[in-house]
Amino acid sequence: MNEEQEQRRQLSNKQKASKEVKEQAIHSKRSYWPFALAFALFFMLLGVVVHPIIFWIGLVLVAGAITGLVLERH
């Protein structure tokens, strides 16, 4: 009898854990990195038209934004 109760308890814990995981996937935190990446790409493409130095600054910003987006923790 005690083993049955333990198995039921473990099953309910797994169900709670799976509910939490689903909720976290649905309600993920908002990120500003996509906006930063869009700004950096705009800056880089502006540099293609205006001046090469602006292009290189934009390229560094793009690399930083991609790195931030990839390494961001939720």
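If you chain together hydrophobic residues whose side chains sit under 4.5 Å apart, V60 and V49 never meet in one group. Placement of M44 and F39 in two distinct hydrophobic clusters is found when ILVMFWY residues are connected by side-chain heavy-atom separations under 4.5 Å, directly or transitively. One hydrophobic cluster, built from ILVMFWY side chains closer than 4.5 Å, holds both W56 and V62.
Between P34 and L69, the shortest heavy-atom distance links the atoms CD-CD1, 3.9 Å.
Taking I53 as the reference, H51, I57 meet the side chain to side chain contact (heavy atoms under 4.5 Å, CB included) condition, with sequence neighbours excluded. In terms of the side chain to side chain contact (heavy atoms under 4.5 Å, CB included) criterion, residue partners of V48 (sequence neighbours excluded) are, by chain and number, F55.
Rounding to the nearest 0.5 Å places CG of L61 at 12.5 Å from CZ of F42. Expressed to the nearest 0.5 Å, how far CD of E72 lies from OH of Y32 amounts to 11.0 Å. A distance of 12.5 Å separates CG of L41 from CG of L46, quoted to the nearest 0.5 Å.
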